[in-house]
Student: 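Quick one: the structure is below, questions incoming.
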Amino acid sequence: MAGKSRDKRRGTGEPVVGQVDGGRAELAPDRERARAWTLLIDGAPQSHVDLADPLYLDFAYQRRIGHLIDLVAPARRPLNVVHLGGGALTLARYTAASRPRSTQQVVEIDSALVAFVREHLPLDPQARVRVRAVDARAGLAKVPDGWADLVIADVFSGSRTPAHLTSAEFLDEVRRALAPTGWYAANLTDGPPLTHLRGQIATAGSRFAELAVAADPVVWRGKRFGNAVLVAADRELPVAEFTRRVASDPHPGRVEHGRALADFAGGAVPVADASAVASPEPPPSVFR
């Protein structure tokens, strides 16, 4: 009966609000999709979920990571995936729907957020998703060596990625958890003059053989604060297909790799634990 009453409330399009460790959580109804919701924390959009269609990815950066989930292995092949940062479990839902029988671990430190999401946006009971309510780096340390086909980092404290998740030592732990053919994907945020993004590219380049980064053209030009999706691996990446998909998105992006990406990073040096800082705070205008 409780589930039916929640569905009825969703039908009226009423926001759902709760207090979580990270602040005030709100699920705002999508006026164009009957069973879709946007998760906001203290007013900042975090995730979008369509319960009727988990393959629908509304946020541009999540769509780009969705392309990587599609490309990391042949279609429908189950994956072992580690999600650092849970949000509304959007990408875990996408993986479960697009690659049945996948085994996924979600590491989300905000246990109250996990409970809030599970109550109001329940997971498919057939999805093989385990959630650990611990710090992302501590949770990653529990992953067996070589277990993961894909590690996805999408971790924010407030609106900033914590410093200890930006370093070369952190990426050493990522590489330990990855299978030899595995990929690392990260949601990065930055604005002019893109110092943080350049440093993250240099850091990933010090640990992985192949890199590519997707972002909006205005972000690449340093005209606006926004998201960039980095993918790194020790094997050749399908850059041409990733580029085609990103360019065909509703909000088209641009992918850089190889010499162009190295030139963009310029003289940036890898970030170490001792010198790491959190990603920049977005300007207030980002969330207006």
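Atom set for the values below is all heavy atoms of this structure, side chains included, hydrogens, waters and symmetry mates excluded. Throughout, residue positions are numbered sequentially from 1 according to the sequence presented.
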Student: Within the structure provided, determine whether V213 and W220 are in side-chain contact (heavy-atom separation under 4.5 Å).
Tutor: yes
Student: Using only heavy-atom distances, determine whether the side chains of T103 and R128 contain a donor-acceptor pair under 3.5 Å.
Tutor: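 Distance-only check passes for T103 and R128.
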Student: Are any side-chain N or O atoms of D190 and backbone N or O atoms of L197, one a donor and one an acceptor, separated by less than 3.5 Å?
Tutor: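 Confirmed, D190 side chain pairs with L197 backbone.
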Student: Could you see if V255 belongs to whatever hydrophobic cluster contains V231? Use Ile, Leu, Val, Met, Phe, Trp, Tyr and a side-chain cutoff under 4.5 Å.
Tutor: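 As far as the 4.5 Å side-chain criterion goes, V231 and V255 are connected within one cluster.
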Student: Evaluate the criterion side-chain contact (heavy atoms from CB on, under 4.5 Å) for residue pair Q104 and R130; output intermediate values, then yes/no.
Tutor: CA-CA 6 Å; Q104 303 185 72; R130 178 183 181 185; over 6 Å; no
Student: Could you see if I65 belongs to whatever hydrophobic cluster contains V49? Use Ile, Leu, Val, Met, Phe, Trp, Tyr and a side-chain cutoff under 4.5 Å.
Tutor: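 No, it is not one cluster - the side chains of I65 and V49 are not joined through contacts under 4.5 Å.
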Student: Drop me the distance from L237's CG to R235's CZ, to the nearest 0.5 angstrom.
Tutor: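 So the gap between those two atoms works out to 7.5 Å.
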Student: Does any part of the side chain of V229, heavy atoms only, come nearer than 4.5 Å to the side chain of H67, both counted from C-beta?
Tutor: no
Student: Before you tell me yes or no, could you show the steps for L71 and R245 under side-chain contact (heavy atoms from CB on, under 4.5 Å), namely the whole-Å CA-CA distance, both residues' side-chain angles and the distance that decides it to 0.1 Å?
Tutor: CA-CA 10 Å; L71 293 171; R245 293 187 183 211; 3.8 Å; yes
Student: Please say yes or no: joined through hydrophobic side-chain contacts below 4.5 Å, possibly via intermediate residues, are V81 and V129 part of one cluster?
Tutor: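 The answer is no; the residues belong to distinct hydrophobic clusters.
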Student: What I want to find out is whether D172 reaches R207 closely enough, with some N-O distance under 4.0 Å, to be called a salt bridge.
Tutor: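 Salt bridge: yes.
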Student: Does E26 reach the main-chain N or O of V17 with its side chain, forming a donor-acceptor pair under 3.5 Å?
Tutor: no
Student: Might you point out which heavy atoms bring S279 and H196 nearest each other, and give the distance in Å?
Tutor: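 Result for this residue pair: CB-NE2, 3.5 Å.
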Student: Please say which of D154, T189, N227, D216 ends up in a side chain to side chain donor-acceptor pair (under 3.5 Å) with Y61.
Tutor: D154
Student: Could you grab the distance from atom CZ of R118 to atom CG of L113, nearest 0.5 Å is fine?
Tutor: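 Spacing of CZ (R118) from CG (L113) equals 11.5 Å.
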Student: Would the number of heavy atoms belonging to other residues, nucleotides or ligands and lying under 6.0 Å from NE2 of H164 be above 12?
Tutor: yes
Student: Kindly say whether H251 contributes a backbone atom to a donor-acceptor pair with the side chain of D249 at under 3.5 angstrom?
Tutor: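 Absent.
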Student: Could you check if a side-chain atom of Q105 sits within less than 4.5 angstrom of a side-chain atom of V143, using non-hydrogen atoms only?
Tutor: yes
Student: Is any side-chain heavy atom of V72 closer than 4.5 Å to one of L79?
Tutor: yes
Student: Out of curiosity, L261 CG to E210 CD, how far, rounded to the nearest 0.5 Å?
Tutor: 11.0 Å
Student: When you measure from the side chain of N80 to the backbone N and O of W147, does any donor-acceptor pair fall under 3.5 Å?
Tutor: yes
Student: Could you go through the side-chain contact (heavy atoms from CB on, under 4.5 Å) check for F208 and T203 one step at a time?
Tutor: CA-CA 9 Å; F208 290 95; T203 304; over 6 Å; no
Student: Do you know the tightest heavy-atom contact between A204 and L211?
Tutor: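 Here A204 and L211 meet closest at CB-CD2, 3.6 Å.
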Student: Within the structure provided, determine whether I201 and F264 are in side-chain contact (heavy-atom separation under 4.5 Å).
Tutor: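 Of all side-chain heavy-atom pairs linking F264 with I201, at least one is under 4.5 Å.
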Student: Could you tell me whether the side chain of R76 and the main chain of R99 form a donor-acceptor pair under 3.5 Å?
Tutor: no
Student: Is a donor on one side and an acceptor on the other found under 3.5 Å between the side chain of E108 and the backbone of G86?
Tutor: yes
Student: When you check the gap from the basic side-chain N to the acidic O, do R175 and D234 get nearer than 4.0 Å?
Tutor: yes
Student: Would you verify whether the NZ or CZ of R137 falls within 45 degrees of the ring axis of F170 while also being under 6.0 Å from that six-membered ring's centre?
Tutor: no
Student: What's the shortest heavy-atom distance between A247 and P252, and which atoms?
Tutor: O-CB, 3.4 Å
Student: Treating Ile, Leu, Val, Met, Phe, Trp and Tyr as nodes and any side-chain heavy-atom pair under 4.5 angstrom as an edge, say whether I109 and V131 lie in one connected cluster.
Tutor: no
Student: Give a yes or no answer on whether the side chain of Q19 reaches the backbone of G23 with a donor-acceptor pair at less than 3.5 Å.
Tutor: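 Yes: the side chain of Q19 pairs with the backbone of G23.
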Student: So, the side chain of R63 versus the backbone of V246: is there a donor-acceptor pair under 3.5 Å, distance only?
Tutor: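 Not confirmed, R63 side chain does not pair with V246 backbone.
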Student: Kindly indicate, with the supporting measurements, whether the criterion side-chain contact (heavy atoms from CB on, under 4.5 Å) is fulfilled by Q200 and V271.
Tutor: CA-CA 7 Å; Q200 289 303 286; V271 175; 4.1 Å; yes
Student: Please examine the side chains of R24 and I41, heavy atoms only from C-beta on, and report whether any two atoms are closer than 4.5 Å.
Tutor: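 Contact flag for I41/R24 side chains = no.
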Student: So which atom in Y184 and which in A153 form the shortest heavy-atom distance, rounded to 0.1 Å?
Tutor: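 In this case the closest contact between Y184 and A153 is OH-CB, 3.6 Å.
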Student: Give me the atom names and distance for the closest heavy-atom approach of L178 to W183.
Tutor: CD2-O, 3.3 Å
Student: When rounded to the nearest 0.5 angstrom, what is the spacing between CG in D124 and CG in L89?
Tutor: 12.5 Å
Student: Mind checking the CG-CG spacing from L165 to L84? Nearest 0.5 Å is all I need.
Tutor: 7.5 Å
Student: Does V155 offer a backbone N or O that forms a donor-acceptor pair with the side chain of T161 under 3.5 Å?
Tutor: yes
Student: How many angstroms lie between CG in L121 and CZ in F116, if you round to the nearest 0.5 Å?
Tutor: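 That separation rounds to 7.5 Å.
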Student: Does D21 offer a backbone N or O that forms a donor-acceptor pair with the side chain of D110 under 3.5 Å?
Tutor: yes
Student: For residues Y94 and P54, determine if any side-chain heavy atom of one lies less than 4.5 Å from a side-chain heavy atom of the other.
Tutor: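 No. Closest side-chain heavy atoms not under 4.5 Å.
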Student: For the rings on H48 and Y56, is their centre-to-centre separation under 6.0 Å?
Tutor: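 Under 6.0 Å, so yes.
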Student: Please determine whether a side-chain nitrogen of the Lys or Arg among D53 and R33 lies less than 4.0 Å from a carboxylate oxygen of the Asp or Glu.
Tutor: yes
Student: So do P280 and R160 actually touch side chain to side chain, heavy atoms under 4.5 Å?
Tutor: no
Student: I'd like to know if R77 pairs up with D149 as an ion pair, taking the criterion as any Lys NZ or Arg NE/NH1/NH2 lying under 4.0 Å from an Asp or Glu carboxylate oxygen.
Tutor: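 Between D149 and R77 there is a salt bridge, with a charged N closer than 4.0 Å to a carboxylate O.
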Student: Can you name the closest pair of heavy atoms from Q62 and T90 and give their distance?
Tutor: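 Closest approach of Q62 to T90, heavy atoms only: OE1-CG2, 3.6 Å.
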Student: Consider only side-chain heavy atoms of I, L, V, M, F, W and Y, link residues closer than 4.5 Å, and tell whether L188 and V239 are in one cluster.
Tutor: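 Looking at the clustering, V239 is in a separate group from L188.
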